[in-house]
Amino acid sequence: FGSSISVLLARPPPWAAGFGVAMAPTFSPMVTTSEVFESYEEDCRRLQRTVRERLAEARKKGEPPAVRAAASREAGEAHAQASQALQQMELEAKSMGTLASSLAPKLRDHRNELSGLRRQVRDVQSDMQREGLGFGSAAPEARDSKQTSYADVYGRMRGSTRRLDDARRTALEAEEIGLDVLSDLGSQRESILRTKAHLHDLDEGLTVSKRVLNALNLRMHTNQIILSCTAFVLAVTVAVIIYYKVQRLANALR
């Protein structure tokens with residue numbers, strides 16, 4: 001998702017080419033809401049500078065009337081674009097939660113600045129209209145059409161940004177779930193390794209016990225053999241003794 005975000009926000013909008021206005025620098029792959037706000041703020045500031053430059057050109061009496069008229073129209077269009085950028089800044093500030101209150105003074109300064117520039121644009125256009133430099137009824141309609149077009153462009157950009165933010169949040173949630181699963185698997189692996197170690201110890205204990213039982217069994221058989229031999233010797237000895245006793249008794253009776 002990071003590469004898609006950087007490509008979308010690094011691409012200048014259609015109105016930037018008309019005034020030679022540079023957009024904000026290319027963003028890093030991981031874009032946050034504050035960076036989007038700073039991008040709109042940078043656009044607003046540069047458009048304000050463009051308005052001042054075009055107004056300065058329109059006020060020059062030595063310039064050709066067509067140049068002054070074009071500069072005045074471009075100043076009005078740049079002001080409309082700056083107003084749209086300010087609206088986007090306000091929307092982004094609202095989406096930033098607790099940070100919105102800290103951004104309120106900055107938004108108020110931009111709003112006051114645009115109000116002053118708007119008055120200057122109107123004054124210049126009124127002066128040029130009195131001078132007969134071609135500000136008819138078609139100019140407001142063209143400006144309204146362009147403002148609507150700019151609003152649509154900004155709306156699409158904001159919708160795309162929102163969708164990318166949602167996709168980023170979904171990716172982060174999936175990453176957290178994956179990390180939890182990996183943590184659980186790591187714990188289970190440790191439990192399996194401990195169980196394996198216990199089984200190995202039990203196997204060694206059983207081997208020792210088997211050896212002891214075999215030794216006891218051998219000793220038992222040995223004792224049985226010794227006991228049997230002892231009983232056989234005693235039985236033979238008793239039989240011999242009885243035989244000699246009986247033999248002596250028989251000799252004594254003769």
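Just so it is clear, the values below take in all heavy atoms, side chains as well, and ignore hydrogens, waters and symmetry mates.
- In this structure, the side chains of K245 and L249 stay at 4.5 Å or more apart for every pair of heavy atoms.
- Taking 4.0 Å as the cut-off between side-chain N and carboxylate O, E38 and R45 do not count as a salt-bridged pair.
- A salt bridge links K106 with E41: the closest approach of a Lys/Arg side-chain nitrogen to an acidic carboxylate oxygen falls below 4.0 angstrom.
- Judged by distance alone, with hydrogens and angles left aside, the side-chain atoms of T195 form a donor-acceptor pair with the main-chain N or O of S191 at under 3.5 Å.
- Contact between A75 and V51 at its shortest, heavy atoms only, is O-CG2, 3.6 Å.
- Here the closest non-hydrogen pair linking V124 and A58 is CG1-CB, 3.7 Å.
- Counting all heavy atoms, side chain and backbone alike, S101 lies closest to P105 at O-CD, 3.7 Å.
- Under the 3.5 Å distance criterion, the side-chain polar atoms of H110 are left unmatched by any main-chain donor or acceptor of C44.
- Between E173 and R169, no side-chain nitrogen of the basic residue sits less than 4.0 Å from a carboxylate oxygen of the acidic one, so the salt-bridge criterion is not met.
- Judged by distance alone, the side chain of S72 and the main-chain N or O of R68 form no donor-acceptor pair under 3.5 Å.
- Looking only at distances, a side-chain donor or acceptor of N112 sits under 3.5 Å from a matching main-chain atom of R108.
- Using a 4.5 Å heavy-atom cutoff, the side chains of M89 and E92 are not in contact.
- With respect to R52, the salt bridge (Lys or Arg N to Asp or Glu O under 4.0 Å) criterion is satisfied by exactly one of E74, E113, E57: E113.
- The side-chain heavy atoms of R46 and D43, taken from C-beta on, include no pair separated by under 4.5 Å.
- When all heavy atoms of L47 and A78 are compared, the closest pair comes out as CB-O, 4.0 Å.
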